[in-house]
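Just below is one structure, and these are the notes that go with it.
Residue numbers start at 1 and run along the sequence shown.
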Amino acid sequence: MTDQDSARRPKYQRIADELRTAIQSGAFAPGDRLPGENDLMSTYEVARMTARQALSVLRNEGLAEARKGAGVFVRVFRPLRRRGIPRLAGDHWGSGRSVWSADVEDRTLVVDGIEVAETAAGGRVAEALNLAPGAPVCVRSRRFVLDAKPVLLSVSYLSAELVRGTAITEPDTGPGGTYARLAELGHRPVRFREEIRCRMPTADESDRLALEFGTPVVLIGRTAFTGQGVAVELNEMTLDSSSYVLEYDFDA
């Protein structure tokens, strides 16, 4: 960007650029308090709204977070690296580990808001699982909280006829989770397909994920198939985009 182009940018963006550079260079470390609105107004001779917009840019980018009554701070949270391929390896969940353990390593993960219910399949779910519209499905909803920060909402759909009376219909599915239980039923998943999209969150998603204003979400829809090509689970996930790095490592 030329000096002339930079000069054309709104003042709040130029202020945000300077603060971003300072964060990336280490001048402001994780957890440090950033200059407040009054500081920016004085330093850059701008109106309060301009200073507020500059700080909002950094918050929307996930670089900073507001703490009520204290100011705006450089974000401490480490992005969660979602390793798309090894996390679904059969020898991972087959040995009793959760697929999420490949992502969180030694960090504290809490699963809350767990709800398990049986309902009639809508068109999208019925098509994905090759069921008749209205067929009964088991629905598993939960929220994942990492280091006290909500990062993901997950809803799984499975044929109720397939899983009724098993641990899959309980809040705690046991070692290895749903896939291990499916394997015990003779429906071991051997292939997965994921579709990824992005959009702005709904009000409910913003609230449940405690999102900063302007933060988009990543939508991942994963279908699990048996060796015979039968779809046994549809898992629809909503991720806080500022909390994740999506990693896919595979051979050429």
Side-chain angles (χ1 to χ4, degrees), residues 82 84 87-88 90 93-94 98-101 103 109-146 150-211 216-241 243-244:
R82 183 182 188 273
R87 69 196 305 273
L88 293 174
W93 49 263
S98 163
V99 296
W100 306 99
S101 64
D103 303 335
L109 177 70
V110 175
V111 183
D112 68 10
I114 302 174
E115 296 181 2
V116 185
E118 187 173 309
T119 189
R124 182 188 75 262
V125 174
E127 181 179 4
L129 296 178
N130 196 28
L131 299 173
V137 289
C138 172
V139 183
R140 297 182 51 82
S141 303
R142 56 266 194 218
R143 183 178 72 160
F144 292 78
V145 182
L146 184 68
V151 295
L152 177 143
L153 307 175
S154 177
V155 183
S156 293
Y157 302 89
L158 306 99
S159 167
E161 298 292 343
L162 176 65
V163 303
R164 192 177 287 132
T166 73
I168 292 174
T169 63
E170 301 296 328
D172 184 356
T173 56
T178 295
Y179 296 150
R181 304 292 80 76
L182 286 170
E184 292 168 356
L185 291 171
H187 299 278
R188 179 186 178 90
V190 301
R191 181 172 65 86
F192 300 90
R193 180 178 65 226
E194 288 193 342
E195 297 179 350
I196 301 175
R197 297 183 293 121
C198 297
R199 61 164 169 76
M200 298 307 295
T202 64
D204 178 65
E205 290 166 345
S206 291
D207 181 59
R208 295 178 65 196
L209 290 172
L211 298 176
V217 290
V218 177
L219 307 178
I220 300 180
R222 182 177 69 231
T223 308
F225 299 90
T226 67
Q228 291 72 42
V230 177
V232 288
E233 184 217 30
L234 171 64
N235 187 354
E236 296 185 329
M237 294 160 275
T238 304
L239 289 63
D240 169 8
S241 63
S243 295
Y244 273 90

Rounded distance [0.5 Å steps], OH in Tyr244 versus CD1 in Ile220: 7.5 Å

CD-CD1 distance between Glu170 and Ile114, expressed to the nearest 0.5 angstrom: 11.5 Å

Within-4.5 Å side-chain heavy-atom neighbours: Met200 and Pro216: yes

Pro201 versus Val217, closest heavy-atom pair with distance: CB-CG1, 3.8 Å

Derivation and outcome, side-chain contact (heavy atoms from CB on, under 4.5 Å), residues Phe144 and Met237: CA-CA 10 Å; Phe144 292 78; Met237 294 160 275; over 6 Å; no

Side-chain donor-acceptor pair present, Ser154, Arg140, cut-off under 3.5 Å: no

Closest non-hydrogen atom pair, Thr169 against Val116: O-CG1, 3.3 Å

Least distance between heavy atoms, Cys198 atom then Val218 atom: SG-CG2, 4.0 Å

Any Val139 side-chain heavy atom under 4.5 Å of Val155 side chain: yes

Side-chain (Arg143) to main-chain (Arg208) donor-acceptor, under 3.5 angstrom: yes

Over all atoms of both residues, closest heavy-atom pair of Leu129 and Ser159: CD1-N, 4.2 Å

Criterion side-chain contact (heavy atoms from CB on, under 4.5 Å) on Thr226 and Leu182, from CA distance to verdict: CA-CA 10 Å; Thr226 67; Leu182 286 170; over 6 Å; no

Residue from Leu158, Thr166, Ile168, Val163 passing side chain to side chain contact (heavy atoms under 4.5 Å, CB included) with Arg181: Ile168

Test: Glu161 and Arg164 ion pair at under 4.0 Å: yes

Within 6.0 angstrom of Glu184 CD, more than 12 heavy atoms from elsewhere: yes

Qualifying residue, where the test is side chain to side chain contact (heavy atoms under 4.5 Å, CB included) with Leu146 and the options are Leu152, Asp240, Val151: Val151

Between CD on residue Glu195 and CG on residue Leu219, distance to nearest 0.5 Å: 11.0 Å

Arg199 and Glu205 ion-paired at < 4.0 Å: yes

For the student: nearest non-hydrogen atoms of Ala224 and Pro189, plus distance: CB-CB, 4.1 Å

Shortest non-hydrogen contact between Ala128 and Leu234, atoms and distance: CB-CD2, 3.9 Å

Pairwise distance OG1(Thr178) to CD(Glu233) - rounded to 0.5 angstrom: 6.0 Å

